[in-house]
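Below: one structure, written as structure tokens.
Just the heavy atoms: all of them, side chains too, but no hydrogens, waters or symmetry mates, feed the values below. It should be emphasised that the depicted structure is a prediction, and the values quoted were computed from it without experimental measurement. Naming: A, B, ... by sequence-line order, numbering from 1 per chain.
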Amino acid sequence: EDKVVQSPLSLVVHEGDTVTLNCSYEVTNFRSLLWYKQEKKAPTFLFMLTSSGIEKKSGRLSSILDKKELFSILNITATQTGDSAVYLCAVDYTGTASKLTFGTGTRLQVTL
Amino acid sequence: NAGVTQTPKFQVLKTGQSMTLQCAQDMNHNSMYWYRQDPGMGLRLIYYSASEGTTDKGEVPNGYNVSRLNKREFSLRLESAAPSQTSVYFCASSVTHPTRLSYNEQFFGPGTRLTVL
């Protein structure tokens with residue numbers, strides 16, 4: 001059975017801290033891994049990772065994939081209160097459509 | 001462009017009632033999806049449509065039906081609602097290219113919060 005596991009389930013940090021969110025997966029016919037940010041509405045896309053060892057960066061956020069060990073991390077440096085959200089990891093596996101299996105998410109709260 | 005739109009935003013049903021959730025996208029995407037999101041469960045795929053004219057079951061299809069009306073629209077129907085179908089429902093769409101994986105990002109609608117009493 002395909003599985004995506006995220007850790008921690010939740011964490012609270014102070015503004016300015018650096019956080020690392022984890023995502024491990026077991027899926028057949030892996031195609032790519034995606035990170036989404038969800039505030040009180042629809043998930044919004046952050047990154048798509050397809051190759052091991054290549055870091056994707058966007059401002060203070062970065063992510064990397066390890067296809068041998070079957071995991072990915074999402075780093076957020078110098079956190080801000082606006083980073084407070086649920087971060088979702090999803091894995092796309094091959095087929096006629098881009099079918100995603102999601103993890104349960106990590107709830108991040110950034111306090112002043 | 002509006003992206004992915006969903007109607008209604010909120011709905012309360014009684015057990016046994018039926019209803020249809022509507023979804024439309026204006027991005028000319030091939031594929032469309034319906035997910036449900038429950039507390040502590042993440043998003044789970046209900047049904048998807050790889051292309052116009054095709055639909056397939058996802059992880060949790062029981063109690064639902066779908067129609068891909070045309071390339072833009074994909075509806076989800078609850079024939080006889082049950083309290084276990086209380087959830088937030090998201091529609092999504094994607095281009096879906098077999099080799100250009102960067103095209104396969106899914107774009108989500110704002111969601112429908114459904115309560116079944």
- Cluster overlap A:L21 with A:F47, hydrophobic side-chain contacts below 4.5 Å: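 As far as the 4.5 Å side-chain criterion goes, A:F47 and A:L21 are connected within one cluster.
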Determine whether the side chains of [X] and [Y] contain a donor N or O and an acceptor N or O closer than 3.5 Å.
| X | Y | answer |
| --- | --- | --- |
| A:Q80 | A:D83 | no |
| A:T111 | A:H14 | yes |
| A:S52 | A:D66 | no |

- Residues from residues 108-117 of chain B approaching chain A under 4.5 Å (heavy atoms):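 At a heavy-atom separation under 4.5 Å, chain A is reached by B:F108, B:G109, B:P110.
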- Query: Less than 4.0 Å between a side-chain N and a carboxylate O, is that true for A:K99 and B:D56?
  - Reply: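 Salt bridge flag = no for A:K99 with B:D56.
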- Presence of salt bridge, B:E79 and B:R77, under 4.0 angstrom: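 Yes, this pair counts.
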- Message: So for B:E59, is it side chain, backbone, both, or neither that comes closer than 4.5 Å to the heavy atoms of chain A?
- Response: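 Contact with chain A: none, neither part.
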- Message: Need one label for B:L43: side chain, backbone, both or neither, based on atoms under 4.5 Å from any heavy atom in chain A.
- Response: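 Both parts, heavy atoms under 4.5 Å.
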- Message: Please identify which of these residues, B:P61, B:S67, B:S49, meets the side-chain contact (heavy atoms from CB on, under 4.5 Å) condition with B:T55.
- Response: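 With B:T55 as partner, B:P61, B:S67, B:S49 yield a single side-chain contact (heavy atoms from CB on, under 4.5 Å), made by B:S49.
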- Query: Hey, would you say the A:Y25 and A:F30 ring centroids sit under 6.0 Å apart?
  - Reply: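 Yes, ring centres under 6.0 Å apart.
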- Task: Select one option (side chain, backbone, both, neither) describing which atoms of A:Q38 are under 4.5 Å from chain B's heavy atoms.
- Result: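 Side chain of A:Q38 only, per the 4.5 Å heavy-atom cut-off to chain B.
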- chain B contact via A:L9 - side chain, backbone, both or neither, heavy atoms under 4.5 Å: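 Answer is neither: A:L9 stays 4.5 Å or more from chain B.
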